[in-house]
Amino acid sequence: MSDLLASSEGLFSALELSFARSVTRLSGDDSLELSLAAAATLRAVTRGDLCYLLGDPLVRDASSHDEDEAPVVVQTSQLPDARRWTDALERSPAVECSSSYQAPTSPRPLVLDARGRLYLRRTFAAQAGIAAAVSQRVRTPLEVHESTLGAGLERLFANAPKGDLQRAAAALAVRRGLSLITGGPGTGKTTTVAKLLALLVEQALAKGERAPRVALSAPTGKAAARLAQAITRARGDLPVSAEVREAIPTSAGTLHRLLGLAPGMRRRLGEGRLSHDVVIVDEASMVDLGLMAELLRALSPRSRLVLLGDPSQLASVSEGAVFADLCAAPAGSTLGRAQVRLLEGHRYVSGSALDQLAEAIRGGDAEGALESLRTGDALALFGAVSGRRRLSAEFLTVVEQGYADFLAAESPRERLDAFDRFRVLCAHRRGPSGAPEISRRLQAALLERQLLARASDGAAVFEPILVVRNAPALGLFNGDVGYVDRTRSGAAVAYFRGDAGSVRSLAPSRLPAHESAWAMTIHKSQGSEVDSVALVLPATRSAVCTRELVYTGVTRARSRVDVFSSALVLRESIANPNRRRSGLADALAAGGVS
């Protein structure tokens, strides 16, 4: 045991070891069991889990290292005996033992639940707060003007078949304080919400009340902008009165700004102080544990909360998979009855090869996914994207075809439109198959083949770029894509999309932090859609490459997907679901709603 902790360099970070030492020092318990447990718990949280299950193998975070470097794994046989470990932690003054999933009652830094899951105190408190708020909200009855609702549903869904799920979702959200509207890409979640908002305005007017105060929000500025655009487009076609249409909001913002957590804001919103009657959150799968806890804490008890998203997509980059945990509630439970999953997709044709590929990946059917790639129209499976020195000829052919219109465009609008039809998406951020390295090598190959020219300073005459930091004053947000154009003399200008299809130009010196976007990570593409995707997986097995990651990458495409991976890596990725450790399901069950 002593040797295990002493030789943990490469397994635990300096921060994790420092945390373990501070816990033991402040508690007066310097046992090796506590030190290892504390470091392992912080290790688990930094990987996205909410807790560390005693006895789980300890694995270094592969996402922080080159993909070719073998991960350090401590097998369970090297760890303390589970019973002895539990006994030591139950006796420790640094650990609070909890069997109720209620908020911690002491300032002890660690919490151990009855199933052997060890939490940081703040993480356990956030989980308990979410479970309590969801349990209360999902049971809260709301007053509904049923005749007005019935008439509105008949009008807004006049052409819908019997049992239409969009209609069912809208009706559910009118009647409940909490509703979950889920579904894959293009299944009409935001269209449903536009009709839901019309129904809620009609409810208020029928009762002689003002129109509801609505907050449209999302975890990122880019996702919020897309939500606003979708609602604006949808509301123009609604069969409603001018009064109702004007009352439907068309602006959206980030959850951080809504809750007073954005940079430059003085304080977070107080408990129950959010004044809105309705809060809509799009891309809810990206909301981490802490942000969801803050939202539920700030909501008024009388407000409606509608969460939109796809639980099969990537979870947040921080800890937790709260939306997926909520959506996993049994169908007959109180929480399960607050969810409608939309099934009919409009991004690609239902039953098409691309649809079959996405469904096979979502269901964990690796052999079905491989069969779709080998035989389906507009799908292809190639080998790994590169050797050590050169990108593969197949990859360069696909990329040159994908970027042909972008490279040949004669105006900024045409070039932006062309770039939005094709993406190179990478599973990794680092390593030889990581997005920055693939971007660098792609640009070098395009220059070598004289498909790109150089400016006087040696840079390419134009380069797609991805904004990685919000700049609200400029109307640019993390995830926005544009390009920098350079004359041969070196003068440069950046172009981005503006409002209503316009094109904006800015001096590159004014841009927020950005990076080359010849290739980007799948994480950065979440929420977007393009015609065609070239999906790059690592050359070797990777813990980072999960089913959800591959599913998210594939479903960015409307019509074509080319996958660059060995069959082995793809098979193992689809068989590797991102199951984040959490006790939220147990906490919800303890509250009687799951």
Side-chain angles (χ1 to χ4, degrees), residues 126 130 133-134 137 169-170 173 176-183 189-198 200-201 211-235 247-265 267-311 313-318 320 322-323 326-327 470-472 475-480 526-528:
I130 289 172
V134 167
R137 188 167 294 278
R176 289 185 176 267
L178 171 66
S179 54
L180 312 173
I181 301 178
T182 75
K189 295 184 290 293
T190 51
T191 301
T192 301
V193 165
K195 295 179 179 180
L196 163 64
L197 293 174
L200 292 175
V201 173
R213 290 168 294 193
V214 178
L216 300 176
S217 61
T220 68
K222 181 63 175 176
R226 285 194 297 264
L227 175 62
Q229 292 164 4
I231 296 295
T232 300
R233 286 194 302 267
R235 82 166 189 169
I248 297 174
T250 57
S251 62
T254 64
L255 273 173
H256 286 84
R257 182 159 293 277
L258 178 67
L259 299 173
L261 301 172
M265 302 186 79
R267 61 176 63 87
R268 68 179 187 173
L269 208 60
E271 184 172 352
R273 295 298 300 277
L274 199 60
S275 61
H276 298 82
D277 304 297
V278 183
V279 175
I280 312 286
V281 181
D282 196 14
E283 299 290 354
S285 65
M286 298 168 66
V287 181
D288 63 40
L289 178 85
L291 194 55
M292 187 66 78
E294 283 292 323
L295 172 63
L296 289 167
R297 186 187 62 81
L299 278 175
S300 163
R302 298 179 300 280
S303 61
R304 285 178 174 84
L305 175 62
V306 183
L307 301 177
L308 313 175
D310 183 354
Q313 285 192 28
L314 286 167
S316 70
V317 294
S318 189
V322 178
F323 188 64
L326 296 178
C327 293
N470 292 337
L476 294 176
F477 299 95
N478 184 9
D480 280 345
Q526 195 165 359
S528 64

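Note that the structure is predicted; figures quoted are calculated from it, not measured.
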Any side-chain heavy-atom pair from [X] and [Y] closer than 4.5 angstrom?
X    : Y    : value
L200 : R304 : yes
V214 : V201 : no
L197 : P249 : yes
L291 : V322 : no
L295 : L305 : yes
S300 : L274 : no
L258 : V279 : yes
L261 : E294 : yes

Determine the minimum heavy-atom distance between [X] and [Y], stating which atoms define it.
X    : Y    : answer
L180 : F323 : CD2-CE1, 4.2 Å
T250 : A228 : O-CB, 3.3 Å
T182 : K189 : C-CD, 4.0 Å
N478 : K222 : O-CB, 3.3 Å
L307 : M292 : CD1-CE, 4.1 Å
A252 : L227 : CB-CD2, 4.5 Å

What distance separates [X] [atom1] from [Y] [atom2], expressed to the nearest 0.5 Å?
X    : Y    : atom1 : atom2 : value
S285 : L326 : OG    : CG    : 12.0 Å
T220 : N470 : OG1   : CG    : 7.5 Å
S316 : E283 : OG    : CD    : 12.5 Å
S528 : R226 : OG    : CZ    : 6.0 Å
R302 : H276 : CZ    : NE2   : 14.0 Å
L259 : L296 : CG    : CG    : 9.5 Å

Verdict with supporting geometry, R257 and S217, side chain to side chain contact (heavy atoms under 4.5 Å, CB included):
CA-CA 9 Å; R257 182 159 293 277; S217 61; over 6 Å; no

If we ignore hydrogens and angles and just use 3.5 Å, is the side chain of [X] paired with the main-chain N or O of [Y] as donor and acceptor?
X    : Y    : result
D277 : R213 : yes
Q526 : L314 : yes
R297 : A126 : no

